[in-house]
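Notes follow the structure.
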Amino acid sequence: MSRSPLNPNQLQSVGSQDALAPLPPPAPQNPSTHSWDPLCGSLPWGLSCLLALQHVLVMASLLCVSHLLLLCSLSPGGLSYSPSQLLASSFFSCGVSTILQTWMGSRLPLVQAPSLEFLISGLVLTSQKLPLAMQTPGNSSLMMHLCRGPSCHGLRHWNTSLQEVSGAVVVSGLLQGTMGLLGSPGRVFPHCGPLVLAPSLVVAGLSAHREVAQFCSAHWGLALLVILLMVVCSQHLGSSQFHVCPWRRASASSTHTPLPAFRLLSVLIPVACVWIVSAFLGFSVIPQELSAPTKAPWIWLPHPGEWNWPLLTPRALAAGISMALAASTSSLGCYALCGRLLHLPPPPPHACSRGLSLEGLGSVLAGLLGSPMGTASSFPNVGKVGLIQAGSQQVAHLVGLLCMGLGLSPRLAQLLTTIPLPVVGGVLGVTQAVVLSAGFSSFYLADIDSGRNIFIVGFSIFMALLLPRWFREAPVLFSTGWSPLDVLLHSLLTQPIFLAGLSGFLLENTIPGTQLERGLGQGLPSVFTAQEARMPQKPREKAAQVYRLPFPIQNLCPCIPQPLRCLCPLPEDPGDEEGGSSEPEEMADLLPGSGEPCPESSREGFRSQK
């Protein structure tokens, strides 16, 4: 099978204060001139705030979906505290985790948010404790209602069940953190080739289609409108550029910089327009499950044990193990996908280990704050990065600060629940579609015409979709006679991403095949070796620096105990040879396909080449 080169419309990766700029297709012109202006300096703070707000909207959609599906079995007033405070605690933990992840974790511009892996295990845990009746109308799923017969338990048991889910989140965080500190992700990730990651990404894109359809069905007109606007802004108007003036001039020639405004704001513009339209039509109503009987406070400081401490039981331990394994699989796929979308080398082992350990820390914080959802790298937010073809650590840091601000103000967090459910479904549908297409595009890295690879891909995807559906529609759940084991097996066997990753990993590493057939090439245990090999040597070394620890922490690596050295870059890693730091100025020339560094004058602002 022939392997076509990557699309020339690539991304520029940057450091903590740099931008990512698209590289437009070459045009027939004089070689000495350019029809585009690369962004080599810092993003304007106004644009950074708008891009961060887009991430917050995507995260808010995911948070509302997760909390709404988990609380859909609870009648109003069943909670002993306001649902907006529950949502605010999740925002706060996600903000802290995002800042830690982009500062000293994987260092990729990844936004942390509750993934569906926590939701699935949480629903299994609550459904096997409370007398909940399952409902599967049409194509929808995960619909449950509280049994209200005379023999049913009272609503006080729901609060106890949420404590148990929070306990499972704490267990999953501790397990993830332990795996990261021991370097397990760094040892596993080099063995995950394209035939492991691609099926996982395909299943990740497909796994939420029922929930997306369920929310879009609330009003298909609004859902189709927001999807249409996102497609038009990101694709049809994506090449339209507008000149903006930077807040600070670097030189007399850098007065204007063209930006693809419609593509960069292809989430904010549609959501804002449809949100305003729905408000005029009267559709911006807070869902009943997320509404509070009393007004939420403007200022509130989340702290552990405010409502109740997490409840640790054998069943919570079993659900926590399932959450940890599934969320770790999902996060490793996010690392690979984000690196590929930004045209960076694959994340090295030390970056994967640090990232997973800090995600575990975020989940522990979320569980202690009473949140029923942990934190993990968000596939919808990575899909948003691919949609607008831009990403920045500076923007990710702003996202973390905004989320912490929302966590300190439940009233502001409750405002985001007024986003119409069809808009939420439309946003998640488009971002999940980007993840799905990225998974399909990864197959070309391997020999997909090989019978071995055809079997691995088909078996991994089909079984990952078949088993969860069978368990959802099974008339009677299987029982081993021990409730914790039932929770563990039921949770793991209903996690599509975990099943796809596990089956792909086992088949890929047990069925004989050549390195070229497996997509590894030249015997290198790298996920995207073909893409990395096309990068010039200097840009490749510069790109590798994005995964290094910040300069102050890098100096502490010699003091770290030997068992934890897996969290530090090896001396032979690219970018470590000369002891350079990972400051933004050293990453200003990461423009794929160009070996020329940005001039010194451009590092103070935007530069325009004419």
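Small disclaimer: the values here were computed from a predicted structure and weren't measured.
Each side chain to side chain donor-acceptor pair (under 3.5 Å) pair with one or both residues in residues 365-374, not counting sequence neighbours, appears once here: S90-S371. For residues 94-106, no pair satisfies salt bridge (charged side-chain N to carboxylate O under 4.0 Å, His left out), with sequence neighbours left out.
Between the side chain of H67 and the backbone N or O of C64 there is no donor-acceptor pair closer than 3.5 Å. Between the side chain of N381 and the backbone N or O of V58, no donor-acceptor pair lies under 3.5 Å. Of the possible polar contacts, none joining the S66 side chain to the L63 backbone as a donor-acceptor pair under 3.5 Å is found. Without hydrogens or angle criteria, R187 side chain to P349 main chain gives no donor-acceptor distance under 3.5 Å. No side-chain donor-acceptor contact under 3.5 Å links Q112 to the backbone of S378. Distance alone, capped at 3.5 Å, is enough to place a donor-acceptor pair between the S442 side chain and the A438 backbone.
In this structure, the separation between CG on L162 and CG on L86 is 7.0 Å, given to the nearest 0.5 Å. Distance check, rounded to the nearest 0.5 Å: CD of E359 to OG of S172 gives 10.5 Å. One finds the CE atom of M373 at 7.5 Å from the CE atom of M323 (value rounded to the nearest 0.5 Å). One finds the CG atom of L344 at 12.0 Å from the CZ atom of R107 (value rounded to the nearest 0.5 Å). Here the CG atom belonging to L325 is positioned 6.0 Å from the CE atom belonging to M179, to the nearest 0.5 angstrom. Taking CG of L201 as the start and CD1 of I497 as the end, the distance is 8.5 Å to the nearest 0.5 Å.
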side-chain contact (heavy atoms from CB on, under 4.5 Å) evaluation trace for V202 with F443:
CA-CA 10 Å; V202 170; F443 287 128; 4.1 Å; yes
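Across T375 and S97, no two heavy atoms sit closer than the pair OG1-OG, 3.5 Å. Looking at every heavy atom in both residues, L197 comes nearest to G333 through CD2-CA, 4.3 Å. Contact between V169 and P372 at its shortest, heavy atoms only, is CG2-O, 3.6 Å. Across V364 and L174, no two heavy atoms sit closer than the pair CG2-N, 3.6 Å. The two atoms that bring P194 and L445 nearest to each other are CG-CB, 3.9 Å, heavy atoms only. Pairing each heavy atom of L499 with each of L493, the nearest pair is CD1-O, 3.6 Å.
One side chain, S106 or Q101, offers a donor N or O that lies under 3.5 Å from an acceptor on the other.
Aromatic rings from H490 and F471 are positioned such that their centres are separated by under 6.0 Å.
With sequence neighbours left out, the side-chain hydrogen bond (donor to acceptor under 3.5 Å, both in side chains) criterion links S115 to E117.
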